[in-house]
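Since this is a predicted model, take the numbers as computed values, not measurements. Ligands are counted one by one from 1 in listed order, and the atoms in each one are counted from 1 as well.
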Amino acid sequence: SLDGVPMTVAHDESYHGMLFLFQDVSDIRRLERMRSEFVANVSHELKTPVAAVQGFAETLLAGGVKDEDTARSFLKIIYDEGNRLNRLIGDILDLSKIESRRIQLDYAPVHVLTLFQSVGNVLEGTAEYKRIEIRIDVPEELFIEADEDRLRQIFINLVANGISYTPEGGRIVIKAEEFTDEEYEDERIRFSVSDNGIGIPKKDLPRIFERFYRVDKARSRSSGGTGLGLSIVKHLVELHRGTISVESELGIGSTFIVELPILQENP
Ligand code: ADP
């Protein structure tokens, strides 16, 4: 009957409405779970260096350490852990600012080669210390519309990781080339940062952009890592409407690929 038709539709609509409602609730639960997981991780990450500072300071204060070299080595640990706390707090604040979209990107034309030269300058000392060569292979005339400070932050993170996870005498290569993106239907630049370092196991590849995810906790700690670098990088890339991916082979090296639109939409 004709009366039956609207009834069915009405029924269907409310049925869909219910489904959407359930989906929203499960999204909220998932976000809630992610948030509490993050808080638990943050507490754990902060407590470790604080415990080290307290423990070594207490031992020194108790006056039991008579040997000067031992005392100095304890002070060095306190100093390093203090630095580590500082980096962690900086990264956590930065990440929460970026995630809650409380940052305003300041777009302007950036000369890509100059940008990479400044990235190279910032990391020159660390690279030289490990005898790692940074090679920049970028066309002279390339420009991109971006937030220059955030763009620099993206590549400082990627190149610094390359240095951390590459043995002495290694090499980092930075490249950039223009291409037409079929999917986004715009002109983009494909950046790549390659190292010939330790590589990343296949099973870890999908997870390395997660907050606090590290393949090897001990190694990340000893290189001064916070485990937040790549998640910050991914957010910054996505804020620029770009994508990031990684290719890696254990013992051969890793390549991080960042693709960004050359022009940003005016708000
Ligand atoms: P971290 O502070 O530990 O370096 P990141 O978020 O920058 O944290 O990176 C997450 C993890 O991804 C690292 O702990 C490391 O295991 C892996 N990783 C990142 N970059 C590289 C690289 N170039 N080569 C090998 N492993 C890498």
Under-4.0 Å heavy-atom contact with ligand 1, by part of Asp195 that carries it = side chain

key: Val215 contact mode with ligand 1 (heavy-atom cut-off under 4.0 Å)   = both

request  = Say whether Ser164 and ligand 1 are in contact under the criterion: heavy-atom distance to a ligand atom below 4.0 Å.
outcome  = no

Could you list the donor-acceptor pairs under 3.5 angstrom formed between side-chain atoms of residues 199-208 and any protein atom two or more places apart in sequence or on another chain?
residue : atom : partner : partner atom : Å
Asp204  : OD1  : Tyr213  : OH           : 2.5
Arg207  : NE   : Glu210  : OE1          : 3.2
Arg207  : NE   : Glu210  : OE2          : 3.2
Arg207  : NH2  : Glu210  : OE1          : 2.9

query = Under 6.0 Å between the ring centres of His44 and Phe212?
reply = no

query = What part of Tyr213, side chain, backbone, both or neither, has a heavy atom within less than 4.0 angstrom of ligand 1?
reply = backbone

task = Report yes if some N/O of Ser231 lies less than 3.5 Å from some N/O of ligand 1; otherwise report no.
result = no

key: Nearest non-hydrogen protein atom, atom 4 (O) of ligand 1   = Tyr165 OH, 2.8 Å

query = Hey, is ligand 1 close enough to Ile208 that some N/O pair sits below 3.5 Å?
reply = no

ask   = ligand 1 and Thr226, any nitrogen or oxygen pair closer than 3.5 angstrom?
value = yes

inquiry  = Please tell me whether Gln104 and Asp147 have a donor and an acceptor in their side chains that are separated by less than 3.5 angstrom.
reply    = no

note = Contacts satisfying salt bridge (charged side-chain N to carboxylate O under 4.0 Å, His left out) that involve residues 111-128 (not counting sequence neighbours) are none

message = Any nitrogen or oxygen of Gly225 lying under 3.5 Å from a nitrogen or oxygen in ligand 1? Just yes or no.
response = no

